Peer 1: 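Got a structure for you, written out below as structure tokens; questions coming shortly.
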Amino acid sequence: MRVISYNLRKHRAVDELHELVTARGVDVLCLQECDTTDIPDHIAGLTLADATRLNRLGLAVYARDSAYRVGETVSLALKKSLHDRVLRPAHERVLGVRLHDIDDNRDFIVASFHAAPLTALNSLRRQQIHVALAELAALGPGLPMLMVGDYNYPVFKENLSQRMREAGYELAMSDSRTYTRYRFFKGYYDFATSVGFQIDDIKTLPQGSSDHLPIQIDARLPERASLPAIV
């Protein structure tokens with residue numbers, strides 16, 4: 001399964017999506033900062049599984065309709081930062097979708113995630129990540145899960161990775177930086193967190209009109225008997 005996560009920077013990069021999906025052979029597309037009132041229902045063989053609704057700039061998940069059937073979906077509002085309370089940029093910060101693999105007759109969960117901005121503390125973002133993963137598991141206890149998106153976590157990434165492993169998840173970072181807008185804030189912002197998936201490759205794609213670069217995750221489900229337990 002090939003997944004792309006892309007923060008569109010206030011919807012500016014929406015016109016790039018058709019070419020991106022076509023050129024990369026994408027199976028699942030997870031978006032952040034998209035105008036959910038102005039996104040297509042279909043993109044080059046992908047169908048919109050769901051999108052957030054409580055704020056104009058939100059999250060969306062697309063899946064290849066020839067490969068997956070869309071099941072239950074959930075959107076979640078996580079603990080707010082001061083920035084969120086004052087400016088109210090986003091109410092829902094995670095969108096999860098349960099997908100059924102038609103060929104393999106297996107279900108899994110995929111989610112688009114957008115953490116609190118850099119004005120918040122890392123401790124708040126860690127709490128958001130843990131709560132998001134715990135709530136997403138309710139879509140199917142024990143199912144493989146992949147949460148991708150803008151984690152807004154450019155420093156102390158190794159500490160975050162260790163905490164994820166202790167909780168039973170794997171945090172995967174791309175092969176090069178994913179954010180380039182500001183001189184002092186360049187770095188790795190977009191990650192993938194998973195359980196029950198084998199991440200074969202994760203890489204940063206060329207930059208478009210967004211300040212975030214898309215990341216491409218190639219993942220697969222291992223043999224059923226080898227799925228790890230979720231803590």
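Note that the structure is a prediction, hence the values are computed from the model and not measured.
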Peer 1: What closest approach, in Å, do Val110 and Cys30 show between heavy atoms, and which atom pair accounts for it?
Peer 2: CG2-SG, 4.1 Å
Peer 1: To the nearest 0.5 angstrom, please state how far the OG atom of Ser174 sits from the CG atom of Asp201.
Peer 2: 8.0 Å
Peer 1: Is it true that a side-chain atom of Ser112 and a backbone atom of Leu59 form a donor plus acceptor pair closer than 3.5 Å?
Peer 2: no
Peer 1: Do Val61 and Leu46 belong to the same hydrophobic cluster, where Ile, Leu, Val, Met, Phe, Trp and Tyr are linked whenever their side-chain heavy atoms lie under 4.5 Å apart, directly or via other members?
Peer 2: no
Peer 1: For Gln162, check side-chain hydrogen bond (donor to acceptor under 3.5 Å, both in side chains) against everything at least two apart and list the hits.
Peer 2: Arg165, Glu166
Peer 1: On a heavy-atom basis, which atom in Arg98 and which in Gly140 lie closest, and how many Å separate them?
Peer 2: NH1-CA, 3.6 Å
Peer 1: Report whether Ile199 and Tyr6 are members of the same hydrophobic cluster (ILVMFWY, side-chain heavy atoms less than 4.5 Å apart, transitive linking).
Peer 2: no
Peer 1: One pair to check against ring pair (Phe, Tyr, Trp, His ring centres under 6.0 Å): Phe197 and Phe108. What are the steps and the verdict?
Peer 2: CA-CA 9 Å; Phe197 273 97; Phe108 61 91; 5.7 Å; yes
Peer 1: Give, for atom CG of Leu136 and atom CG of Leu95, the distance between the pair rounded to the nearest 0.5 Å.
Peer 2: 9.0 Å
Peer 1: Any side-chain to backbone donor/acceptor pair from Arg64 onto Val26? Under 3.5 Å, distance only.
Peer 2: yes
Peer 1: Identify whether the distance between the nearest side-chain nitrogen and carboxylate oxygen of Asp101 and Arg106 falls below 4.0 Å.
Peer 2: no
Peer 1: Show your working on side-chain hydrogen bond (donor to acceptor under 3.5 Å, both in side chains) between Tyr189 and Arg177 and close with a plain yes or no.
Peer 2: CA-CA 7 Å; Tyr189 284 58; Arg177 65 191 184 191; over 6 Å; no
Peer 1: Going by atom types alone, do Ser5 and Gln32 pair a side-chain donor with an acceptor below 3.5 Å?
Peer 2: yes
Peer 1: Is it the case that the side chain of His11 and the backbone of Asp38 share a donor-acceptor pair, with hydrogens and angles ignored and the cut-off at 3.5 Å?
Peer 2: yes
Peer 1: Between Leu31 and Leu17, is the side chain to side chain contact (heavy atoms under 4.5 Å, CB included) condition met? List the steps.
Peer 2: CA-CA 10 Å; Leu31 303 178; Leu17 296 179; 3.8 Å; yes
Peer 1: Salt bridge check: are Arg2 and Asp218 linked by an N-O gap of less than 4.0 Å?
Peer 2: yes
Peer 1: Quick one: side chain to side chain donor-acceptor pair (under 3.5 Å) pairs with a partner in residues 39-50, sequence neighbours left out?
Peer 2: His42-Thr47, Thr47-Asp65, Asp50-Arg53, Asp50-Thr73
Peer 1: How many angstroms lie between CE in Met1 and CD in Gln198, if you round to the nearest 0.5 Å?
Peer 2: 12.5 Å
Peer 1: State, yes or no, whether a side-chain contact exists between Met147 and Val94 at a heavy-atom distance under 4.5 Å.
Peer 2: yes
Peer 1: Grab the two heavy atoms, one from Ala137 and one from Ile109, that are nearest each other, plus how far apart they are.
Peer 2: CA-CD1, 4.5 Å
Peer 1: Between Tyr62 and Tyr68, is the ring centre distance below 6.0 Å?
Peer 2: no
Peer 1: So which heavy atom on Pro214 is nearest to which on Ile4, and how close?
Peer 2: CB-CG2, 4.3 Å
Peer 1: How about Met164 and Leu133: do any of their side-chain heavy atoms sit closer than 4.5 Å?
Peer 2: yes
Peer 1: Got Ile202 and Phe191 here, is their nearest side-chain heavy-atom distance under 4.5 Å?
Peer 2: no
Peer 1: Drop me the distance from Leu57's CG to Glu33's CD, to the nearest 0.5 angstrom.
Peer 2: 6.5 Å
Peer 1: So if you build clusters from Ile, Leu, Val, Met, Phe, Trp, Tyr with side-chain heavy-atom gaps below 4.5 Å, do Leu205 and Ile217 land together?
Peer 2: no
Peer 1: Is there a side chain to side chain contact (heavy atoms under 4.5 Å, CB included) between Arg163 and Arg126 once you walk through the steps?
Peer 2: CA-CA 9 Å; Arg163 287 173 180 263; Arg126 287 197 302 270; 3.3 Å; yes
Peer 1: Val131 vs Ile129, test: side chain to side chain contact (heavy atoms under 4.5 Å, CB included). Steps then yes/no.
Peer 2: CA-CA 6 Å; Val131 171; Ile129 294 166; over 6 Å; no
Peer 1: What's the separation between atom CG in Leu171 and atom OG in Ser194, rounded to the nearest 0.5 Å?
Peer 2: 8.5 Å
Peer 1: Within a strict 4.5 Å, meaning less than it, do heavy atoms of the Phe113 and Asp150 side chains meet?
Peer 2: no
Peer 1: In Å and rounded to the nearest 0.5 Å, what is the CD1 to CG distance from Ile43 to Leu20?
Peer 2: 9.5 Å
Peer 1: With side chains defined as the heavy atoms from C-beta onward, is the minimum distance between Val28 and Leu99 less than 4.5 Å?
Peer 2: yes
Peer 1: If you compare all heavy atoms of Pro144 against all heavy atoms of Asp107, which two are closest, and at what distance to 0.1 Å?
Peer 2: CD-O, 3.7 Å
Peer 1: Check whether any side-chain heavy atom of Tyr179 sits under 4.5 Å from a side-chain heavy atom of Leu213, and report yes or no.
Peer 2: no
Peer 1: Kindly determine whether Glu170 and Val195 satisfy side chain to side chain contact (heavy atoms under 4.5 Å, CB included), including the steps that lead there.
Peer 2: CA-CA 6 Å; Glu170 288 296 327; Val195 63; over 6 Å; no
Peer 1: Flag the pair Leu76 / Val74 as yes when at least one side-chain heavy-atom distance between them is below 4.5 Å, and no otherwise.
Peer 2: yes
Peer 1: For a quick test of reading the model, state the closest non-hydrogen atom pair linking Ala13 to Ser209 and the distance between them.
Peer 2: CA-OG, 3.4 Å
Peer 1: Using only atom types and a distance under 3.5 Å, with no angle test, would you say the side chain of Arg12 pairs donor to acceptor with the backbone of Ser210?
Peer 2: no
Peer 1: Is Leu48 reachable from Val70 through a run of hydrophobic residues whose side-chain heavy atoms are each under 4.5 Å from the next?
Peer 2: no
Peer 1: Is the shortest side-chain N to carboxylate O distance from Asp175 to Lys203 below 4.0 Å?
Peer 2: no
Peer 1: Indicate yes or no for a side-chain donor-acceptor contact from Asp200 to the backbone of Ala219 under 3.5 Å, with no hydrogens or angles considered.
Peer 2: no
Peer 1: Using a 4.5 Å cut-off on heavy atoms from C-beta on, say whether the side chain of Arg93 contacts that of Gln128.
Peer 2: yes
